[in-house]
Amino acid sequence: MPTPVLLVIAHGSRDARHAATVHALVRRVRSLRPGLRVETGFLDFNVPSVPGVLESLAAQGVRDVVALPLLLTRAFHAKADIPAVLAQAPPRLRIRQAEVLGPSPLLTAALERRLYEAGLTPADKSSTGVVLASAGSTDPEAIAVIAAIAREWRHTGWCAVRPAFASASLPRTEDAVRALRALGCPRVAVAPYVLAPGFLPDRIARGAAGADVLAGVLGPAPEVARLLLERYDGARVPVRAVVGA
């Protein structure tokens, strides 16, 4: 049986850095598994579009596809937008939708990688409070997941970890920075829990003005690339509903 094509589905953005970062991540995934065909499609703003990629794959005779949402939480895009797009795929395609990326220990490792790249060391953990800054969501499940990640991450040795959101939810990044200062953490760092640059990550960066350290976005971190392959492998087993026939 042919190996399913991995279709990475990104949100898309008017910010050119977004697509460039997505493509860099996909290149790293390809480098980790050279025999795997990996394609990229965007829901909005960028090309190729997800429907366009699916049409092209069907025209080339591809039969099996694993559609992987490039999302950190299971919110509206994963629950509604992406299934709706996949439901309109050419009927010859058998599509399985993989799980979203988060939560995962690999993402926590990628967050720490970015913090260390920004100047921290493991020895700084006990004296550093971290703001886990995500894009935000109106979905209670997604918000609860971010809060749970912050709680669990705190137990790995950081002075404190507080969640923050760039939109839809509170607190904002700057509020979480002030809260960690008030808590008495000698150093405050902001760790963006976002995959690529764009409007909301820029808002996170502005909110981090009062912090000592601002980490980069997760982007093409090795741990993120490994996680994409982990989610792909998990979806190859027919445990989810199949779109198309």
Side-chain angles (χ1 to χ4, degrees), residues 4-15 18-19 21-22 25-26 38-58 62 64-104 107 132-149 163-170 192-201 203-204 217-218 224 227-228 230-232 234-245:
V5 171
L6 169 56
L7 172 58
V8 177
I9 300 179
H11 183 274
S13 171
R14 293 186 178 89
D15 189 320
H18 175 91
T21 302
V22 170
L25 174 58
V26 169
V38 186
E39 301 291 342
T40 308
F42 295 91
L43 292 174
D44 206 353
F45 302 118
N46 303 106
V47 291
S49 67
V50 176
V53 175
L54 293 172
E55 291 284 353
S56 177
L57 290 173
V62 170
D64 293 290
V65 176
V66 169
L68 196 161
L70 200 59
L71 300 169
L72 296 175
T73 57
R74 183 169 161 75
F76 181 78
H77 292 304
K79 294 176 179 178
D81 279 357
I82 292 176
V85 171
L86 297 180
Q88 300 302 314
R92 69 164 283 112
L93 293 177
R94 292 186 300 225
I95 304 176
R96 297 190 185 100
Q97 182 177 329
E99 295 292 343
V100 298
L101 299 181
S104 168
L107 290 175
L132 179 67
S134 75
S137 174
T138 57
D139 188 306
E141 178 185 348
I143 298 304
V145 166
I146 299 300
I149 293 170
F165 307 94
S167 68
S169 306
L170 295 174
Y193 190 62
V194 293
L195 286 165
F199 176 74
L200 293 179
R203 181 179 288 178
I204 289 171
V217 300
L218 295 172
V224 179
L227 180 55
L228 263 68
E230 186 177 290
R231 293 289 186 256
Y232 167 80
R236 291 178 63 184
V237 180
V239 295
R240 296 182 65 92
V242 174
V243 181

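Annotation: side chain of L107 is not in contact with side chain of I149 (no heavy-atom distance under 4.5 Å). For the pair L200 and V194, the minimum side-chain heavy-atom distance is 4.5 Å or more. In this structure the side chain of P48 never reaches within 4.5 angstrom of the side chain of E39, judged on heavy atoms. A 4.5 Å side-chain heavy-atom check between L101 and L228 finds at least one atom pair inside the cut-off. Contact annotation: the side chain of P4 approaches that of R236 to within less than 4.5 Å [non-hydrogen atoms, C-beta and beyond]. By the 4.5 Å heavy-atom criterion applied to side chains, I204 and Y193 are not counted as neighbours. Using a 4.5 Å heavy-atom threshold, the side chains of I146 and F165 count as touching.
Of the options V8, I9, D44, a side-chain contact (heavy atoms from CB on, under 4.5 Å) to V50 is made by I9 and by none of the others. Checking V22, T40, V100 one by one against L70, the side-chain contact (heavy atoms from CB on, under 4.5 Å) holds for a single residue, V22.
Closest of all the heavy-atom pairs between H18 and A196 is ND1-CB, 3.6 Å. In terms of heavy-atom proximity, A19 sits nearest to F42 at CB-CZ, 4.0 Å. Smallest separation of non-hydrogen atoms from S137 and S169: O-OG, 2.8 Å. Between N46 and S13 the shortest heavy-atom distance is OD1-N, 2.8 Å.
Residue E230 holds its CD atom at 11.5 Å from CD of E99, rounded to the nearest 0.5 Å. Taking CG of L71 as the reference point, atom CG of L195 lies at 8.0 Å (rounded to 0.5 Å). Note that CG of L7 is 10.5 Å distant from CD of Q97, once rounded to the nearest 0.5 Å.
A donor-acceptor pair under 3.5 Å is formed between the side chain of S167 and the backbone N or O of A135. One N or O on the side chain of R203 and one on the backbone of A166 form a donor-acceptor pair closer than 3.5 Å. Panel note: side chain R92, backbone V62; a donor-acceptor pair is recorded below 3.5 Å.
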Compile the donor-acceptor pairs under 3.5 Å between side chains in residues 79-86 and protein atoms, sequence neighbours left out, one pair per line.
| from | atom 1 | to | atom 2 | distance (Å) |
| --- | --- | --- | --- | --- |
| K79 | NZ | D139 | OD2 | 2.9 |
| K79 | NZ | E141 | OE1 | 2.7 |
| D81 | OD2 | H77 | ND1 | 2.7 |

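Residues satisfying the side-chain hydrogen bond (donor to acceptor under 3.5 Å, both in side chains) criterion with D64, sequence neighbours excluded, are R94.
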